[in-house]
Amino acid sequence: MEYDFRRIEKDWQKKWKESNAYKVENDFSKPKYYVLDMFPYPSGAGLHVGHPLGYIASDIYSRYKRLKGFNVLHPMGFDSFGLPAEQYALDTGQHPAVTTKKNIATFKAQLDNIGFCYDWGREVQTSDPQYYKWTQWIFLQLFNSYLDQEEQKAKSITELIKTFEEEGNPKPSTSNIKPFTAGEWKNFDEKTQQDILTQYRIAYCGYGEVNWCEALGTVLANDEVVNGVSERGGYPVVKKTLRQWYLRITAYADRLLNGLSTVDFSDAMKEMQSNWIGKSSGAEIDFKVGSRESGVGSALRVYTTRPDTIFGVDFMVIAPEHELVEQITTTEQKTAVEEYLTYVKSRSERERMAEKKITGVFTGTYALNPFDGREIPVWISEYVLAGYGTGAIMAVPCGDERDHKFAKHFNIPITNIIGSHYNGEEANPTKEAILENSNFLNGLVMKGAIDVVINALEERGIGKRKVNYKMRDAAFSRQRYWGEPFPITWKNGIAYALEENQLPVVLPPMDEIKPGKDGEGPLSNNEAWLQSPFFGGGRGESSTMPGYAGSSWYFLRYMDPQNEKEFCDRKISDYWNQVDLYVGGTEHAVGHLLYSRMWTKVLFDLGLIGFDEPFKRLLNQGMIQGSSRFVYRVHGSNKFVSAGLKDQYSTDHIHVDVNIVDGVELDTNAFKKWKNSEFGNAEFILEDGKYICGSEVEKMSKSKFNTVNPDDLVAKYGADTFRMYEMFLGPVEMSKPWDTKGIEGVHRFLRKFWRLFFPPSEASSNARGQGEALIISDEEPTTAELKVLHHTIRKIENDTERFSFNTAVSAFMIATNELTDLNCHKRKILEPLLILLAPYAPHIAEELYSLLRKVSPPAAGGALEGASILNAPYPVFEEKYVVENSKQYPVSVNGKLRTTLNFPLAATQEEVEKLILQNAIVQKWLEGKTPKKIIYVKNKMINVVL
RNA sequence: GCCCGGGUGGCGGAAUUGGUAGACGCAGCAGACUCAAAAUCUGCCGUUCGCAAGGAUGUGCUGGUUCGAUUCCAGUCCCGGGCACCA
């Protein structure tokens, strides 16, 4: 019988579906394992071969864990709110709900084609009101909570109100609030009270500088802005002050950082996250300032990580936006300063980043070194950022490269406090130097002096120890339509939470989706909805939540997807607990992964779940790049010249569809028909009778004609071949260009594997060299056969556990080759092998397994017919089968391999040495000398050392 | 500029982390079966000397540690990724 993968795969996919084979029960009696893929955004383009890489890996691992006896949760869903659907709607007039639904159907069909073991009964879609009801509910928890600084724990805002009522707020944790007493609190009006609470809420609405993208008509979070342009679309982004919703993620900075040590992420991923959080510790120091004429006035507060260099401060720099700019500018410098500020405003964010010029202006004012009273000029420069630290720095040119360049540029004298470590040409940021010219710090090593200075500052009350973070609070509103509406109602300029029973606040259908006035979202055009009765007499919020809202908690909903009373039952989340294995790309390093980690921590603090890190282990799959092909058209003609000859002509290069190129050789007939025969009258200048294309590795995308659709490959070779080939390409973590060529090899292997069951014979073998009859013997296996099996069990188990799927595929190939050579058709070997293969190639394994079970008796017991390989007992590795009777050891002399000798296992060390020394080849290389010692390496080889 | 990865045949990639480098697959060459093709099978396949047996050499480059280095150390050159005025 032929390996008819089309029939087999169709049959089994149907049977699995009908029998609900992948349904997952919340069976608390079994050990659990949670495998999660980053759910896709259902774009209109459908899947290309790059997408399933991670899905295949997680599917293999899920099936493997299931065979190992775990209750495995391996769900799939769709991140179906988001910008592209809305952009598409603006362009085509199609409603996002319609296109999203269509795209999801395409995605599901494509995924099912590959044979994944998802329990679709647990599917979630973030744009489904039954789902986003709970996104809104969790938002309300964020809105109604604050972070208790002392306990570093989120608590209900009502507790904070109670504290204010009883004790007031003598020491506010933020400088935005003045201290108040309990009595004062009670006398504040509603607006004042709410404004104060806003400073504490974890989700809050406030004015702030945001990234505004005019082209997209919305604000963006910091991680959605790359090099001054929007991540999506590459449109310019400007800073703008607007009323926005925020998540107070900064309050969780320390916990997000510390939590990294408890999870198994790659070092690169951890580093990206900790860089983004950007914790640094140092000190805030107050410098008295005032112009010479006016005398000493207010204090200028700076932040520094290097207080030890305090005596090397030669000038101060404040950001152009700093609040003291006006106050400290002297009359004679006024014009110069104003000119400079105008110049700074004229420069866009992008220009500032692209060309880093040394610019600045002197304010005319001097600050006093708090220790020795030395006068230090205060400058203004754009290289100091208003948003970080205090927006002002103390500049130490001998130790900081930027300060050094600035000092050289403006001829500011440089004080050397590090002796020979400073060469006068370049700053040296060392911490190891012994301090000079540094008053009471002279003679101290710099890194030791840091604490000495901070203590001195704190004693004199002129500074304090301070930790700073680069991370900012995350902008949480978008001026868009296709997102979750806020469960918020505005009354008299105050945001109030809606009651739980008002949820979900359903996104109203709108005929036309276009931006509103004054930077408001499309919902602002729907005043009727904004004034709906469920907003309780207030006005609804016209912006919607960002794409990351729904994806920050979806892994919890899979556990209990149909629950109408809660986002997830606590007993159920206690059972499934953390995601044991999370598979996805690195592109979400500082977005989704940080937000979901934060939400988890809040939910944990509020006692709603029992763990504070969502993902125990993260596996980053690499990107599959496209391998583009080019043809070269001779300028102004319809002649196309082969790549090797193109230098003789002046040519344009044109992307050509990779699917009509075999390797690098163009199918010229297909090319003429391509794009509705746009090149129908093309002529070719060939080399060696062939047209050779140019090639380049690029991102896979439709516009580059380098995408390969998995559906085509599945149709041609089958899902099992496709799955194994994607794994065989190389390690999952690695990025690599797609190359369809090798898929034949994997397909050949599966056919060869099939022949172990349907061996060719004289009497009957079909066109593909496969026998017509299933041949299976119940004979006892030979030692050699058992050795192959148990080697393979060990190898597959090890490789699967460490996600080395490529080497596992190789191991299957080796086993198949060896068993073919041994002419082995024994059930006791082949049945366990099928079970090993099942996670990788489930369809062929299930087919052959069911065929075996139709002929008695099964090797491992159990039901004869109707048993599925999905629940088969995983084969157990037994060491005894791979142990040898006599052993061959390679023997080297001085590390160089010289020969291989056979030793009886029972031989004593003396006998072994005698055998070695008597050997003619060894004697030749010993050249008559006596060896110093003989090294036995780990049961692997023997080395004779001269 | 700073911080991570990584450089192994014609190609994708193995090597249980200090112990026979190049597994497995692709491509290539030669052969068997066939009228022929497809399919299948067998052999060869880093470089170099040699008819061969067998040597020598070889994991970006230069050194070092070791009986022994793709693996460890120092320096250096490329490639990929991340961050980038964060004081």
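Naming: A, B, ... by sequence-line order, numbering from 1 per chain.
Sequence order on RNA chain B of the closest nucleotides to A:Asn894 and A:Val384 puts A:Asn894 first from the 5' end. Position along RNA chain B of the nearest nucleotide to A:Glu382 versus A:Lys736 favours A:Lys736 as the more 5'-ward residue.
In this structure, OH of A:Tyr936 is placed 19 Å from P of B:rG68, rounded to the nearest angstrom. When rounded to the nearest whole Å, the span between CE of A:Met272 and P of B:rG5 equals 12 Å. Separating the NZ atom of A:Lys470 from the P atom of B:rC2 is a distance of 15 Å, rounded to the nearest angstrom. If you measure from atom CG of A:Asn798 to atom P of B:rA14, you get 16 Å, rounded to the nearest angstrom. Atom NZ in A:Lys932 sits about 11 Å away from atom P in B:rU66, given to the nearest Å. Between A:Met734 atom CE and B:rG12 atom C1' there is a gap of 10 Å when expressed in whole angstrom units. With rounding to whole Å, A:Lys924 atom NZ is found 10 Å from B:rG54 atom P. What separates NZ of A:Lys279 from C1' of B:rC3 is a distance of 19 Å, to the nearest Å.
Using a 4.0 Å cut-off between a side-chain N of Lys or Arg and a carboxylate O of Asp or Glu, A:Asp264 and A:Lys270 do not qualify as a salt bridge.
Within 4.0 Å (heavy atoms only), A:Leu729 reaches sugar-phosphate atoms of the nucleic acid but no base atom. Within 4.0 Å (heavy atoms only), A:Arg472 reaches no atom of the nucleic acid at all. Nucleic acid contact for A:Met394: none, since no nucleic acid atom lies under 4.0 Å from a heavy atom of the residue. Contacts of A:Pro737 with the nucleic acid, taken as non-hydrogen atoms under 4.0 Å apart, are absent. Within 4.0 Å of A:Met941, counting heavy atoms only, lies at least one base atom of the nucleic acid.
Straight-line distance between the P atoms of B:rC26 and B:rG50: roughly 33 Å, to the nearest whole Å. The separation of B:rC79 from B:rA30, taken at their C1' atoms, amounts to 38 Å, rounded to a whole angstrom. Taking atom P in both B:rG81 and B:rA56, one finds a spacing of 43 Å when rounded to whole Å. For B:rA23 and B:rG12, the C1' atoms lie 13 Å apart once the distance is rounded to whole Å. Taking atom C1' in both B:rU20 and B:rU59, the straight-line distance is 15 Å, to the nearest Å. For the P atom pair drawn from B:rG60 and B:rU70, the interatomic distance equals 9 Å after rounding to whole Å. For B:rG46 and B:rA27, the C1' atoms lie 16 Å apart once the distance is rounded to whole Å. With C1' as the reference atom, B:rC83 and B:rU71 are 30 Å apart, rounded to whole Å.
The distance from the OG atom of A:Ser280 to the CZ atom of A:Arg306 is 12.5 Å, given to the nearest 0.5 Å.
Within 6.0 Å of the NZ atom in A:Lys699, the count of heavy atoms belonging to other residues, nucleotides or ligands does not exceed 12. Atom CD of A:Glu323 has 12 or fewer heavy atoms from other residues, nucleotides or ligands within 6.0 Å.
In this structure, the nucleotide among B:rA15, B:rA14, B:rA87 sitting nearest to the side chain of A:Ser280 is B:rA87. For A:Thr305, counting side-chain heavy atoms from C-beta on, the closest listed nucleotide (B:rA87, B:rU20, B:rG19) is B:rA87. Ranking B:rG19, B:rG55, B:rA15 by closeness to the A:Trp925 side chain, first place goes to B:rG55.
Listed by first then second residue, pairs satisfying side chain to side chain donor-acceptor pair (under 3.5 Å) with a partner in residues 892-901 of chain A read A:Ser892-A:Asn943, not counting sequence neighbours. Residue pairs meeting the side chain to side chain donor-acceptor pair (under 3.5 Å) criterion with at least one partner in residues 726-737 of chain A, sequence neighbours excluded, do not occur; the list is empty.
For B:rU65, the glycosidic angle deviates from 0 by more than 90°, giving an anti base. Base orientation of B:rG54: anti, since the glycosidic angle falls outside 90° of 0.
Looking at residues two or more places apart in sequence or on another chain, you find a side chain to side chain contact (heavy atoms under 4.5 Å, CB included) between A:Val658 and A:Arg629, A:Asn706, A:Val708. Applying the salt bridge (charged side-chain N to carboxylate O under 4.0 Å, His left out) test to A:Asp4 and every residue at least two apart in sequence or in another chain returns nothing.
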Give me, pair by pair, the N or O atoms of the protein and of nucleotides 21-26 of chain B that are less than 3.5 Å apart, along with how far apart they are.
| residue | atom | partner | partner atom | Å |
| --- | --- | --- | --- | --- |
| B:rG25 | OP1 | A:Asn817 | ND2 | 3.3 |
| B:rC26 | OP1 | A:Arg748 | NH1 | 2.6 |

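Checking B:rA56 for Watson-Crick or G-U wobble geometry (two distances, each under 3.5 Å) identifies B:rU47 as its partner. Figure legend. B:rU20 is base-paired to no nucleotide; pairs are counted as Watson-Crick or G-U wobble with both atom distances under 3.5 Å. As the counterpart of B:rC61, B:rG75 is assigned, both hydrogen-bonding distances of the Watson-Crick or G-U wobble pattern falling under 3.5 Å. Using the Watson-Crick or G-U wobble rule with both distances under 3.5 Å, B:rG80 pairs with B:rC4. Partner assigned to B:rC35 is none, using Watson-Crick or G-U wobble distances below 3.5 angstrom.
Note on A:Tyr383: every side-chain N or O is 4.0 Å or more away from OP1 and OP2 of B:rA87. For A:Arg755 and B:rC41, the shortest distance from a side-chain N or O to OP1 or OP2 is below 4.0 Å.
Here the rule is ring-ring contact (aromatic ring centres under 6.0 Å, His included) with A:Tyr725, and of A:Phe805, A:Tyr717, A:Trp738, A:Tyr840 only A:Trp738 fits it.
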Pair up each side-chain donor or acceptor in residues 311-319 of chain A with any protein partner under 3.5 Å, not counting sequence neighbours, and list the distances.
| residue | atom | partner | partner atom | Å |
| --- | --- | --- | --- | --- |
| A:Asp314 | OD1 | A:Arg374 | NH2 | 2.5 |
| A:Asp314 | OD1 | A:Thr415 | OG1 | 2.5 |
| A:Asp314 | OD2 | A:Thr415 | N | 2.8 |

